[in-house]
Amino acid sequence: MALCAAVLVVVTPAPGAFAAAPFKPRQLSAFERRKAELLLDAKLPCLGCHELNGSGGRIGPSLTDVRTRRSADYISTMISDPEGTVPGTIMPRVRMTGRTRELIANYLLQPDGAPPRAAAGGPPVRPRPASSVSSDAASLYARFCAPCHGAGGGGDGFNASALPVRPAAHSSKTSMSTRSDDALFDTIFSGGYIMSRSNFMPPFGATLTRDQIRGLVKYIRSLCGCDGPAWSRDDR
């Protein structure tokens, strides 16, 4: 009796191989608008870098009038895939559900409650580079951390004064010696909200590799000249 073997070949498409469906703006209810405001204020990291209606960071472009400068598609794809939309951006990708992304995009299109509108034109179509981020810890820190935490880790970056909670002073031996390497890793990977710290600290786990984040933890240790608490060290 002949035997037949079926072979299943799974092909993973390259990033950008399929264009995303066009984003379709819709009018938000008063409840949805309030939900978006609460998410931006207390959970999502967007306002750590962007200003909205006078509040928020100054690293990225203002979101107050973004609907007059960018298309609905651009706003949606920039939230879901910053690096794929604008290669070289320092904006990290924040993992969120499609429903949350749709809610925030629509809110940015109608922050004043008016019917959604946006500038014409879609996002630029650009292939995602294989790797556009240096693995050198000092370069990573200068690029992603220094705008808030300062070049020397003093918590005094140019964006610090725009934040409601002062960024951690990585050069402080007193402060950093109380935090384990795991806690530093988790904060960089998952963001401040998940660690019961400021939600304006964004997560980099979907932007940087684990090795790059471990390199940042070591670099922070060099800034403070300290180790974590004794109970957390391997030499305890």
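Here the structure is a predicted model, which is why all the values come from computation and not from measurement. Starting from 1, each residue takes its place in the sequence as its number.
- Without hydrogens or angle criteria, Arg197 side chain to Ile194 main chain gives no donor-acceptor distance under 3.5 Å.
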Criterion side-chain contact (heavy atoms from CB on, under 4.5 Å) on Phe200 and Asn159, from CA distance to verdict: CA-CA 11 Å; Phe200 286 177; Asn159 194 52; over 6 Å; no
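- Connection of Met201 to Phe158 is established within a shared hydrophobic cluster, with ILVMFWY side chains joined at heavy-atom distances below 4.5 Å, either directly or through further cluster members.
- Checking side-chain atoms of Gln110 against main-chain N and O of Arg26 turns up a donor-acceptor pair under 3.5 Å.
- Distance check, rounded to the nearest 0.5 Å: NZ of Lys35 to OG of Ser29 gives 10.0 Å.
- Side-chain atoms of Thr207 come within 3.5 Å of backbone N or O of Arg93 as a donor-acceptor pair.
- Rounding to the nearest 0.5 Å gives a distance of 5.0 Å between CZ of Phe144 and CG of Leu208.
- With respect to Glu37 and Arg34, a salt bridge is recorded, a charged nitrogen being found less than 4.0 Å from a carboxylate O.
- Panel note: side chain Glu83, backbone Gly88; a donor-acceptor pair is recorded below 3.5 Å.
- Across Arg67 and Leu109, no two heavy atoms sit closer than the pair CD-O, 3.2 Å.
- For the pair Thr85 (side chain) and Thr77 (backbone), a donor-acceptor distance under 3.5 Å is present.
- A distance-only check finds no donor-acceptor pair linking the side chain of Asn106 to the backbone of Pro25 [under 3.5 Å].
- Between Pro202 and Pro92 the shortest heavy-atom distance is CB-CG, 3.9 Å.
- A distance-only check finds no donor-acceptor pair linking the side chain of Arg233 to the backbone of Trp231 [under 3.5 Å].
- Using a distance-only test at 3.5 Å, with no hydrogens or angles considered, no donor-acceptor pair links the side chain of Thr187 to the main chain of Gly192.
- We find the CG-CG distance between Leu52 and Leu108 to be 6.5 Å, quoted to the nearest 0.5 Å.
- Taking the side chain as every heavy atom from C-beta outward, Arg69 and Pro61 approach each other to under 4.5 Å.
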Please test Cys148 against Leu163 for side-chain contact (heavy atoms from CB on, under 4.5 Å), starting from the C-alpha separation and ending with a verdict. CA-CA 9 Å; Cys148 293; Leu163 303 177; 4.0 Å; yes
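- Two different hydrophobic clusters hold Tyr193 and Phe185 under the rule that ILVMFWY side chains link at heavy-atom gaps under 4.5 Å.
- Atom CD1 of residue Ile90 and atom CD1 of residue Ile59 lie 5.5 Å apart, to the nearest 0.5 angstrom.
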Before you tell me yes or no, could you show the steps for Asp186 and Met195 under side-chain contact (heavy atoms from CB on, under 4.5 Å), namely the whole-Å CA-CA distance, both residues' side-chain angles and the distance that decides it to 0.1 Å? CA-CA 8 Å; Asp186 290 346; Met195 299 297 288; 3.7 Å; yes
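- Taking each heavy atom of Ser232 and Gly228 in turn, the nearest pair found is OG-C, 3.9 Å.
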Hey, mind stepping through Leu39 and Cys46 against side-chain contact (heavy atoms from CB on, under 4.5 Å) and telling me if it holds? CA-CA 10 Å; Leu39 286 172; Cys46 311; over 6 Å; no
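- Across all their heavy atoms, Ala137 and Gly215 have their closest contact at CB-O, 3.5 Å.
- Note that CD1 of Ile188 is 4.5 Å distant from CD1 of Ile220, once rounded to the nearest 0.5 Å.
- Side-chain contact check for Asp41 versus Leu47: every heavy-atom pair is 4.5 Å or farther apart.
- Considering only heavy atoms from C-beta on, Pro203 comes within 4.5 Å of Pro45 through its side chain.
- The backbone N or O of Ser139 sits less than 3.5 Å from a side-chain atom of Asp136, completing a donor-acceptor pair.
- At least one side-chain heavy atom of Val86 sits under 4.5 Å from a side-chain heavy atom of Tyr74.
- At least one donor-acceptor pair closer than 3.5 Å links the side chain of Arg221 to the backbone N or O of Met176.
- Checking Glu32 against Tyr107 by side-chain atom types alone, no donor-acceptor pair falls below 3.5 Å.
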I'd like a table of donor-acceptor pairs (distance under 3.5 Å, sequence neighbours excluded) in which one partner is a side-chain atom from residues 167-174, with atom names and distances.
unit_1, atom_1, unit_2, atom_2, d
His170, ND1, Tyr141, OH, 2.8
Ser171, OG, Gly153, O, 3.2
Ser172, OG, Ser175, N, 3.1

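- To the nearest 0.5 Å, atoms CG (Leu184) and CD1 (Ile213) are separated by 11.5 Å.
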